[in-house]
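Here is the naming used below: chain letters follow the sequence lines, and residue numbers restart at 1 for every chain. As the structure is a computational prediction, the values presented were derived from the model and not from experiment.
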Protein chains: 2
Amino acid sequence: MISSKFLMGRGRSELTDEEKQVLEDSIAGVRSLPGRNLMVRAGERVEVSTLLLEGFICRYMDDRQGQRQLVAVHVPGDFVDLHGFPMKRLDHDVATIGPAKIATIEHRTLQSITERFPHLTRMLWFSTLLDAAMHREWIFRLGRLGAEGRIAHLFCELYTRLEMVGLAQDGRFTMAMTQPDLAEACGITGVHVNRVLRVLRERGLLTYKGGEAHIADLKGLAAIAEFEPQYLYGTRDG
Amino acid sequence: MISSKFLMGRGRSELTDEEKQVLEDSIAGVRSLPGRNLMVRAGERVEVSTLLLEGFICRYMDDRQGQRQLVAVHVPGDFVDLHGFPMKRLDHDVATIGPAKIATIEHRTLQSITERFPHLTRMLWFSTLLDAAMHREWIFRLGRLGAEGRIAHLFCELYTRLEMVGLAQDGRFTMAMTQPDLAEACGITGVHVNRVLRVLRERGLLTYKGGEAHIADLKGLAAIAEFEPQYLYGTRDG
DNA sequence: CGACATGTTGATGGGAGTCAAGGTCCGTGG
DNA sequence: CCACGGACCTTGACTCCCATCAACATGTCG
């Protein structure tokens with residue numbers, strides 16, 4: 001099932017079999033994209049939404065000098081731009097990081113879902129709110145943590161999210177972000193990312209080289225990051 | 001009409017009279033709250049959502065040493081915690097800044113709206129996505145701007161939002177945030193906020209004293225802030 | 001092989017944090 | 001009525017984290 005990773009680990013079980021099938025049948029097509037591929041430019045009107053199947057995609061905004069700030073990183077199973085359905089235009093660019101495989105769903109299909117499946121609609125809404133929760137955590141990171149905490153937090157988040165969809169285990173995962181990419185996600189310079197990674201490596205917390213991450217001490221890394229993963233789950237239970 | 005400010009300036013016109021009435025009839029009650037009043041604590045299960053009628057409300061997360069990071073500021077007309085309807089639990093605290101007047105809507109009422117009014121549901125969804133767009137802009141601010149830009153940006157955003165609901169004009173508005181509050185919103189210290197405000201005042205851009213803001217040069221302030229207000233409108237048009 | 005992105009390390013400087021002191025304003029209570 | 005405490009605002013001195021500039025190493029792909 002193409003959409004099998006969607007909401008995996010975060011309330012997917014609340015979807016009925018019928019709803020899962022509706023979602024699956026909504027997929028208009030599957031495509032492969034190369035790395036560093038601009039998918040949507042800010043301000044463009046969008047008519048489809050994208051479900052990420054493989055690879056990594058980021059969303060970002062550039063400042064006046066062209067310096068980039070990532071506002072989100074997406075992993076397989078994520079809807080990348082579902083918010084483009086109610087919004088119609090995006091306020092930011094969307095691009096692949098490494099090569100990626102995506103499924104597309106047309107907005108008119110989503111429209112008909114909202115008219116026939118209220119609960120599924122709420123779950124789609126819910127999934128955009130998970131993005132918002134991650135945004136808030138990023139605000140916290142940038143506002144309150146130093147460079148070490150920011151890097152550590154990003155790795156904790158990515159590890160947790162990848163683990164939910166079966167793409168990380170034993171502290172290890174593979175990802176396409178370069179050091180400059182990490183810098184753009186964390187609001188620091190590439191040079192400083194390099195120094196921080198060295199410190200984290202020397203302290204036995206994390207190694208990251210050539211796209212291979214190994215979190216040697218998740219507890220320690222989470223402590224530096226002040227990382228508490230509840231926000232990634234939406235905490236619907238109870 | 002109690003909910004008359006909701007989505008004012010941002011697609012409210014897309015609501016039919018019937019939908020406006022449905023929303024109005026959903027209001028369970030109106031209450032006044034004192035300033036500095038904790039409304040919802042992170043992790044609590046919530047059963048109602050809050051529409052802000054008067055005053056200012058913020059959402060925030062505390063770091064390990066109790067340092068606070070605001071993740072959102074709300075002005076009259078905003079749904080403060082509509083995302084709590086699909087999410088059920090919040091990942092952050094919510095509190096008034098100054099005294100405030102709020103209307104509450106029970107989640108079971110919202111639930112019935114989602115089952116009977118798909119278009120109104122999409123507009124509610126849309127309104128939570130405006131929050132997400134503001135989150136993204138805050139990420140950008142914290143990641144790419146220095147202290148001056150951050151303060152300038154916050155004032156530009158608040159001015160624009162307040163103007164939309166008729167609470168700001170001619171560069172002037174009233175607000176309850178103290179300098180320490182601004183610091184918590186901008187990821188800098190209260191002392192530094194003070195210095196930055198002085199610089200902005202001396203440059204003839206902005207004065208802020210005792211809750212009275214006067215933007216003397218909006219163009220200049222927006223330039224420092226790299227502020228472009230489209231994100232506040234959701235840009236549904238065209 | 002050369003071009004280019006990425007990774008690494010060093011030297012220097014600046015923006016913002018920290019610590020400290022004092023000022024203003026207000027509400028409360030003796 | 002005035003003393004007092006408590007927020008908030010203001011300014012100065014010193015410190016430190018991270019940016020900047022620069023040089024070079026490594027790797028990879030046409």
Q: Base, sugar-phosphate, or nothing: which does Gly146(A) touch, judged by heavy atoms less than 4.0 Å apart?
A: sugar-phosphate
Q: Expressed as a whole number of angstroms, how long is the span from His192(B):NE2 to dC9(D):C1'?
A: 16 Å
Q: Among the nucleotides dC8(D), dG12(D), dG7(C), which one has an atom lying closest to any side-chain atom of Arg36(B)?
A: dC8(D)
Q: Counting side-chain heavy atoms from C-beta on, which of dC18(D), dA16(C), dA22(D) comes nearest to Ala147(B)?
A: dA16(C)
Q: Select base, sugar-phosphate, or nothing to describe what Thr178(B) touches, counting heavy atoms under 4.0 Å on all strands.
A: sugar-phosphate
Q: Cut-off 3.5 Å, side chains only: do Asp181(A) and Thr178(A) have a donor facing an acceptor?
A: yes
Q: With distance as the sole criterion, do the side chain of Arg195(A) and the base of dT20(D) form a donor-acceptor contact below 3.5 Å?
A: yes
Q: How many Å lie between CG on Leu182(A) and P on dT8(C), as a whole number?
A: 12 Å
Q: Determine the interplanar angle of the His153(A) and Tyr231(A) rings, folded into 0 to 90°, and report it as parallel if under 30°, tilted if 30 to 60°, perpendicular if over 60°.
A: parallel
Q: Quick one: which of dG12(D), dC8(D), dC18(D) gets closest to the side chain of Val191(B)?
A: dG12(D)
Q: Out of dT8(C), dT10(D), dA19(D), which has the shortest distance to the side chain of Asn194(B)?
A: dT10(D)
Q: Out of dT8(C), dA16(C), dC9(D), which nucleotide sits closest to the side chain of Gln179(B)?
A: dC9(D)
Q: Would you name the heavy atoms of Leu221(A) and Ile215(A) that are closest together and state the gap between them?
A: CD2-CG2, 3.9 Å
Q: Do the rings of Phe155(B) and Phe173(B) sit parallel, tilted or perpendicular, given the 30° and 60° boundaries?
A: tilted
Q: Using a cut-off of 4.0 Å on non-hydrogen atoms, how would the nucleic acid contact of Gly187(B) be classed: base, sugar-phosphate, or nothing?
A: sugar-phosphate
